[in-house]
Amino acid sequence: MTLKFYNSLTKKKEAFTPLHEGIVNIYVCGPTVYDHPHIGHAKSYVSFDVIVRYLRYVGYKVRYVQNITDVGHLTDNADAGEDKILKRAQRERLAPAELVEIYTRSYFEDMDALNNLRPDISPRATAHIPEQIELVEKLLKKGYAYESNGSVYFDVQKFSEYGKLSGRKQEELEAGARIEINPEKRNPSDFALWKKAEPDHIMRWKSPWGEGFPGWHLECSAMSMKYLGKTLDIHGGGLENIFPHHECEIAQSETANKLPFVRYWIHNNMVTVNGQKMGKSLGNFITLKDAFKKYHPLTIRFFILCTHYRSPLDFSNEALDAADKGLERLHNTIKHLRERMEYTKDDSTSSSIHEKLEYYKKKFLEAMDEDINTPGAIAVLFDLSKEVNTLLDSDKEINKKCLEDIDTFYKQLGGNILGIIPDTLQSEQKSEAETLKNIMDVLIGTRNELRKAKQWQLSDFIRNKLLEIGIALDDKPDSTTWKKIKK
RNA sequence: GGCGGCAUCGCCAAGUGGACUAAGGCCACGGUUUGCAAAACCGUUAUCCUGGGUUCGAAUCCCAGUGCCGCCUCCA
């Protein structure tokens, strides 16, 4: 079995081999923390979480770095416009550092809820200004960059391979209607490594070129280099970042180091909402916090994994409802399995289901090996589920070892790899308090029917039994209330 | 305009030229089970956008057409 990835650079599925045997260095473009994360973030980071989990499962020692962008990402990709962090901070009347803290926490909160494992390192751009300045100096020294009026730009014409990832030609870009002519640039497609800070720009650092701030693309090159080395095994991100972001990263890193920057580029596809692209300007943004009000985070995770990471995902209530039911069915099987384990004696040694599990495991791993085909892998879980349900429903004796083996299968493949099966399943998604309230409503309703029918003996029985367990009923002329009392 | 992607059962969605008379989920219908339900199980539903081509063989490759979508603004 060989793990294969679709490499955006070569546009082919390729067998994966890391640069150093047994070790995988992976860098994934993280969020710009100026707002709450949305369902697009969820798709991206769930996808890469599963990739990392799978790499670990097959035995690699993985170092997973995912940056936190807290400076330099402008509202316009062509090195114009405002800094997103700064703009938002001014709007919310917060210091940029406060804003960044709020949304970084919000980000991790939502990612934790989705059951994404934390990256091994989450470096912040503002914490790596010296490294970025150093990289700019290196590029200047090597002649790939030039200073202009306090800013430094990368000279795209010096890097003949510019465009190799996105398939864009420089000449085509130059005439780009959407790129404002910047008189500081020698060439319209040159991009900023370092930007001069205007007097009112409060996010500023001292540099050899005066006070300023780093360009957005720079942080990924500088930080990946610092933590993962000059050549990464895997670089991931959303496909909207292929151009210009990743193209610029390649240019900076490869000219600085004279080495290939990334061996495998992995890009995930985008989320649409009811068939339409999700965009700030379209007003159809769905934050995860909103989505979680309606759907359990694991449902959203499951929903995401039901589509391949390179396919677009359409977010709609109908599709989410279907996913919710599907996941519930899967969880039901495991609940029943674990209940059965509780009262099955440990009396034998051999597992009769071993061969079958091996078969399903093989199918599961084959799907995962094929460019992380999570929908295929999930289908295997359902296939097994069907067999397990039949087994549990049958009158056959099942020994404990057999049940444990099935549970281990779910825990490893559904839990450790896909992250959709928790080690302990909550029997109720609703809170205990809510459930209790609902039960009491049913009980009181039933009892009132009995009272209407003058079934005093039964209704008194209910009241007395409830009192015994610490719940007092209070019959009023038109209603019945209840409260917990001290026994 | 440039670059890229997609089109598979009512809906969602896998599919690595031959075990595809096409996985899995949701929905629907029929059945088993059940005091009745629920849950569960069994069964039923597609020749893969259209038209050509390559091949012994194509959902899978090539060409043309049609229709959607994305990136090149905001955005993972």
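Naming convention: chains lettered A, B, ... in sequence-line order (proteins, then strands); numbering from 1 in each chain. Note: hydrogens, waters and symmetry copies are ignored here, and every other heavy atom, side chains too, is used.
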Engineer: When the distance from CD of A:E240 to P of B:G5 is rounded to whole Å, what number comes out?
Structural biologist: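 Rounded to the whole Å, the gap is 17 Å.
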
Engineer: Just the atom pairs and distances: protein N or O near nucleotides 13-17 of chain B's N or O, under 3.5 Å.
Structural biologist:
unit_1, atom_1, unit_2, atom_2, d
B:A14, OP1, A:H308, N, 2.8
B:A14, OP1, A:S311, OG, 3.3
B:A14, O3', A:N373, ND2, 3.2
B:A14, O2', A:N373, ND2, 3.0

Engineer: Could you tell me the separation between the CG atom of A:L305 and the P atom of B:C12, rounded to a whole number of Å?
Structural biologist: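 Taking CG of A:L305 and P of B:C12, I get 19 Å after rounding.
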
Engineer: Applying a 3.5 Å limit to both distances, which nucleotide forms a Watson-Crick or G-U wobble pair with B:A38?
Structural biologist: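 B:A38 is unpaired by these criteria.
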
Engineer: Among A:R338, A:K335, A:R340, A:K400, which residue meets the salt bridge (charged side-chain N to carboxylate O under 4.0 Å, His left out) test with A:D407?
Structural biologist: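 The residue from A:R338, A:K335, A:R340, A:K400 that satisfies salt bridge (charged side-chain N to carboxylate O under 4.0 Å, His left out) with A:D407 turns out to be A:R338.
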
Engineer: B:G25 P sits how many Å from A:R329 CZ, rounded?
Structural biologist: 5 Å

Engineer: Would you please name every residue forming a side chain to side chain donor-acceptor pair (under 3.5 Å) with A:K386, sequence neighbours left out?
Structural biologist: none

Engineer: The side chain of A:K325 is closest to which nucleotide in this list: B:A76, B:G70, B:C26?
Structural biologist: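 Output: B:C26.
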
Engineer: Verify whether the ring centers belonging to A:H331 and A:F302 lie closer than 6.0 Å.
Structural biologist: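 For A:H331 and A:F302, the ring centres are not under 6.0 Å apart.
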
Engineer: Supply the atom-to-atom distance A:I334 CD1 to A:F409 CZ, rounded to the nearest 0.5 angstrom.
Structural biologist: 10.0 Å

Engineer: Whole angstroms only, please: what is the CG-P distance between A:L392 and B:A40?
Structural biologist: 12 Å

Engineer: Rounding to a whole Å, what distance do you find between A:L381:CG and B:A23:P?
Structural biologist: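 That distance rounds to 18 Å.
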
Engineer: Would you list the pairs meeting salt bridge (charged side-chain N to carboxylate O under 4.0 Å, His left out) in which at least one residue belongs to residues 31-43 of chain A, sequence neighbours left out?
Structural biologist: A:D35-A:R88, A:D35-A:K280

Engineer: How many whole angstroms separate atom CD1 of A:I334 from atom P of B:A40?
Structural biologist: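 A:I334 atom CD1 is separated from B:A40 atom P by 13 Å.
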
Engineer: Give, for atom CZ of A:R63 and atom CG of A:D120, the distance between the pair rounded to the nearest 0.5 Å.
Structural biologist: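 The CZ atom of A:R63 sits 7.5 Å away from the CG atom of A:D120.
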
Engineer: Syn or anti for B:A13, please, going by whether the chi angle lies within 90° of 0.
Structural biologist: anti

Engineer: Which whole-number value in Å describes the distance from A:F382 CZ to B:C12 C1'?
Structural biologist: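 Distance, rounded to whole Å: 12 Å.
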
Engineer: Across the strands shown, which category fits A:Y34 at heavy-atom distances under 4.0 angstrom: base, sugar-phosphate, nothing?
Structural biologist: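 Sugar-phosphate contact only.
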
Engineer: Would you kindly give the CG-to-P distance between A:N269 and B:C6, to the nearest whole Å?
Structural biologist: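 Checked: the CG to P distance equals 9 Å.
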
Engineer: Check step by step if salt bridge (Lys or Arg N to Asp or Glu O under 4.0 Å) holds for A:K452 and A:E449.
Structural biologist: CA-CA 5 Å; A:K452 257 191 231 167; A:E449 288 302 311; 3.4 Å; yes

